[in-house]
Protein chains: 2
Amino acid sequence: MTTTQQSEKPLRADAERNRQRVLAAAREVFARRGLEAGLDEIARHAGVGTGTVYRRFPDKTALVTALFEERLDQVVATVKEAIAHPDPWEGLCAALESLIAMQIEDRGLKDVIFGAVGDHETFRERRAELLPLVQQGVCRAIEAGVLRPDFALTDFAPLQVMLTQVASFTEAADPQAWRRYLRIVLDGLCTRRDGPTPLGHPALDLAQLEDACGRHLPHC
Amino acid sequence: MTTTQQSEKPLRADAERNRQRVLAAAREVFARRGLEAGLDEIARHAGVGTGTVYRRFPDKTALVTALFEERLDQVVATVKEAIAHPDPWEGLCAALESLIAMQIEDRGLKDVIFGAVGDHETFRERRAELLPLVQQGVCRAIEAGVLRPDFALTDFAPLQVMLTQVASFTEAADPQAWRRYLRIVLDGLCTRRDGPTPLGHPALDLAQLEDACGRHLPHC
DNA sequence: TCTTAAGCGGAAGGACTCTCTCCGGATGGA
DNA sequence: TCCATCCGGAGAGAGTCCTTCCGCTTAAGA
C-alpha cells in the first residue's frame, strides 16, 4: 500500500498491525505537538516499543515522510478548491482560512509546509505547487479590485505564520479565537471598507488572556 | 547602584568590573536570543567563567530580574508616552508599534512581558500597569470612531504575539519587514477605509521568502 | 612588601532531552 | 513443530542547560 512496502514481500500479520498502529499514533502525536515530538512518545502512544518504530521506519524522517506525503496532496487539493470559488475575495479568504485551519489541526503539517524536512524531494515539489495556486488567487482578487493591489504573493506565508502563532497562543483559552484575528487581518487586506466586518468570534476575557500568557512560554 | 548591592560592602574593583561585563553581555545575548539563552553563552560573551556569573547572581532568574526591572519601567513609560499622542488613532498605532519594536529589538524583553518569569512580583506589577494604559488608548480611539468598536482590550496581546512572530520569521531576510504586516493589521483595525493605506515597506521577494522559511524551523 | 580575603576560570556533576541500536525472548505461519 | 521474523524496552551516545566546586590568582589594606 504505502510507499515503503511497494514490492517487498508482505509483513507478518502482527508486524503490519503494529506498523499501522505506529502510523496512527504518529499522526495523532505529530498533530498535537508538531514534529518536535519524540519517537518515544509515539511508540508509547502506539503501545509498542521504540525498537518497533525503528524497525519499520529507518529514522524519524522516514516516518514523517510516510505520513505527510499524501497529506500534502490533500492540502494542495483543498487550496485549489478554495481558490476556485466563483467570488475572488471569498476564494482567497477560504484559501487562507483553510490553510490555517489545517495547520492548526495538525502542527506537524505546519512544520512540513514550512520546510522542517527541507531537503526532501516530494515535500519540496508539493510546496512548489502551492505557490502558483495562491498566485492565481491573488492576481484574480487584485484584478477584481477586492484585494489591496499592494498585496504580494510573498505575503501569504507570513500571514500564515502570524495566524498559526496567534492560534497556538490562544488555543488553550479558546480553540477558535484565531478566527477573530483572521477576520481582522482580512479586513486589512481588502481594498476598502465602509465599516468593520463582523469578527464572528468573541474576544478573550481577562482570565483567558492571563491563561494564554501563562502557557505561552516555559516558565523560568 | 543596583538592587542586589544596595547596602552591602562594595565589591572589589575587578569583581565590580566583571559584574558589569556580565550584565552587558546578558543584555546583548538575551536581546538576541531571548531568555532561552544559556548562562554559559553569556559568560563566554562576557569573557568570564560561568562561576563568575553565579557568584554575582545566585541563579538565572536573579540575573534576568536585575536586567529587566528597569527595562520594564522604560516599556511602561514608552507606551504611556505613545498613548498620550493628541490623535487617538496615532496614539494607539504608536503604542502597538513601539511595543512590538521593543520586543523585536530585545527578545528577552518579549519573554519577560509575556510572563516567562511568571512568579516574580515586580514583573507582575509592571505588566499590570500596562493594561489600564492600553485600555485608555483603546477606549479613546473607539469613542473617537477611529478604532473598530468590536476591538477589545484583550486583543492587544494576541496582536503582539502575531507581529513579533512574523518579525522573527522575516527578520533574517529583511529586519524591517514586520512593519508591512503591522500596517496590514492596522488597516484591519480602523473603522473604515476608502482604500489601502501605504504599507511603507516592500514585500519580500521569492528568494527572501525561501530564506525565511529555511531558517524558521530546525531542520530534521 | 606581605598577607589574605575575595575573586577567578572552567571542569565536572546532575538532570534532563532525543535519536537510534541491540539483544534475549516471544510468536506467526508453513 | 520449528525458525525466520518480530517484539519490548534497556541503554548507548550525543546533546542540552543549570549549578557547584576547587585550586589558583589577585586586589588592596597594613
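What you see is a predicted model, and the numbers here were worked out from it, not measured in a lab. Throughout, protein chains are lettered first and strands after them, A, B, ... in sequence-line order, and every chain is numbered starting at 1.
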Between atom [atom1] in [X] and atom [atom2] in [N], what is the gap in whole Å?
X       : N      : atom1 : atom2 : value
A/Asn18 : C/dG28 : CG    : P     : 11 Å
A/Leu11 : C/dT27 : CG    : P     : 19 Å
B/Arg56 : C/dA6  : CZ    : P     : 11 Å
A/Arg33 : C/dC18 : CZ    : C1'   : 11 Å
B/Tyr54 : C/dG13 : OH    : P     : 17 Å
B/Ile42 : C/dG9  : CD1   : P     : 15 Å
A/Asp59 : C/dC20 : CG    : C1'   : 9 Å
B/Asp14 : C/dG7  : CG    : C1'   : 6 Å

Just wondering, do [Y] and [X] contact through their side chains at under 4.5 Å, heavy atoms?
X        : Y        : value
B/Trp178 : B/Phe169 : no
B/Thr154 : A/Gln208 : no
B/Ile100 : B/Tyr181 : no

Aromatic ring pairing B/Phe114/A/His216, orientation class (parallel under 30°, perpendicular over 60°, tilted between) = perpendicular
request  = Using heavy atoms to find the nearest nucleotide of DNA chain C for A/Ala37 and A/Gly51 separately, return the residue whose nucleotide is more 5′.
outcome  =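 That would be A/Ala37.
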task = Using heavy atoms to find the nearest nucleotide of DNA chain C for A/Glu36 and A/Ala13 separately, return the residue whose nucleotide is more 5′.
result = A/Glu36
key: Residue pair A/Phe57 / A/Ala66: nearest heavy atoms and the distance that separates them   = CE2-CB, 4.0 Å
task = Determine whether the side chains of B/Gln103 and B/Thr164 contain a donor N or O and an acceptor N or O closer than 3.5 Å.
result = no
query = B/Arg17 and B/Gln20: side-chain donor and acceptor closer than 3.5 Å?
reply = no
ask   = Which nucleotide of DNA chain D is the first, and which the last, in the 5' to 3' direction, to come under 4.0 Å of a heavy atom belonging to chain A?
value = D/dA4 to D/dA10
inquiry  = Quick check on DNA chain D: between A/Arg55 and B/Thr50, whose nearest nucleotide comes earlier from the 5' end?
reply    = A/Arg55
query = When you check the phosphate oxygens OP1 and OP2 of C/dT4, does a side-chain N or O of B/Arg12 lie under 4.0 Å from one of them?
reply = no
request  = Using a 4.0 Å heavy-atom cut-off across all strands, classify A/Gly38 as base, sugar-phosphate, or nothing.
outcome  = sugar-phosphate
